[in-house]
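A quick write-up on the structure given underneath.
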Amino acid sequence: MTLARRRSSPIHVDGIEYRWAVSARALSSPEYVLLVVQSVDNGQRIVVTVPHRDRYLNIEGPPPPDFNYDAITPSLVRKIMAAAVDVGWTPDRPGTELSFDLQPNETVTLR
């Protein structure tokens with residue numbers, strides 16, 4: 001499944017173009033969903049649940065000290081892609097999507 005260029009961002013890793021996009025599950029949800037796919041092939045995709053603190057939801061109390069996901073950056077996307085490769089991600093071949101949960105300390109855990 002490819003991502004529309006209009007609603008996703010490119011990222012180049014080892015000379016290959018991938019696309020990534022972020023969406024909120026719901027307005028009241030405390031997490032985002034990050035999708036990563038290779039831009040030209042219909043290969044396996046990565047789906048990552050990323051915790052966040054939406055300042056507009058009036059969530060009380062400070063975030064945990066190791067909470068660092070005010071923004072999902074290309075650097076974080078690269079870390080997630082590297083973790084996915086370590087567990088067998090094949091972005092150039094079709095397959096069941098890899099689902100991960102991202103922990104506050106940047107540890108990626110396979111679901």
Side-chain angles (χ1 to χ4, degrees):
M1 174 186 127
T2 59
L3 295 174
R5 288 189 181 276
R6 182 175 177 193
R7 298 182 189 257
S8 64
S9 299
I11 188 166
H12 293 83
V13 177
D14 296 330
I16 300 170
E17 182 177 301
Y18 299 86
R19 298 209 64 85
W20 62 282
V22 178
S23 66
R25 288 198 168 186
L27 290 177
S28 62
S29 176
E31 56 194 27
Y32 289 120
V33 175
L34 168 68
L35 299 171
V36 182
V37 296
Q38 191 169 344
S39 63
V40 295
D41 290 326
N42 192 18
Q44 188 178 28
R45 70 181 184 163
I46 304 171
V47 179
V48 182
T49 301
V50 181
H52 74 87
R53 285 281 203 163
D54 191 334
R55 295 183 180 114
Y56 302 108
L57 294 178
N58 296 323
I59 296 173
E60 296 202 17
D66 57 354
F67 191 90
N68 53 0
Y69 303 124
D70 287 334
I72 297 174
T73 62
S75 173
L76 181 59
V77 173
R78 282 187 177 89
K79 287 179 186 178
I80 290 168
M81 291 171 70
V85 167
D86 289 345
V87 296
W89 178 43
T90 55
D92 57 343
R93 290 187 302 235
T96 306
E97 70 184 26
L98 284 180
S99 296
F100 294 97
D101 290 321
L102 190 61
Q103 305 302 315
N105 61 0
E106 294 191 8
T107 302
V108 181
T109 57
L110 187 60
R111 243 188 283 152

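FYI, side chains are in, hydrogens and waters are out, and symmetry mates aren't considered; it's all heavy atoms of this structure. Count residues from 1 along the sequence.
The closest donor-acceptor contact from the side chain of Trp20 to the backbone of Leu34 lies at 3.5 Å or more, if one exists at all.
Applying the salt bridge (Lys or Arg N to Asp or Glu O under 4.0 Å) rule to pairs touching residues 85-99 yields Arg45-Glu97, sequence neighbours excluded.
Within the model, atoms OG1 of Thr73 and CD1 of Ile11 stand 8.5 Å from one another, a figure rounded to the nearest 0.5 Å. To the nearest 0.5 Å, the span separating OG1 on Thr90 from CD on Gln38 amounts to 10.0 Å.
Side-chain contact check for Arg19 versus Pro10: some heavy-atom pair is nearer than 4.5 Å. Here the side chains of Tyr18 and Val77 are not in contact, with every heavy-atom distance at 4.5 Å or above. Val87 is listed as a side-chain neighbour of Phe100, based on a closest heavy-atom distance under 4.5 Å.
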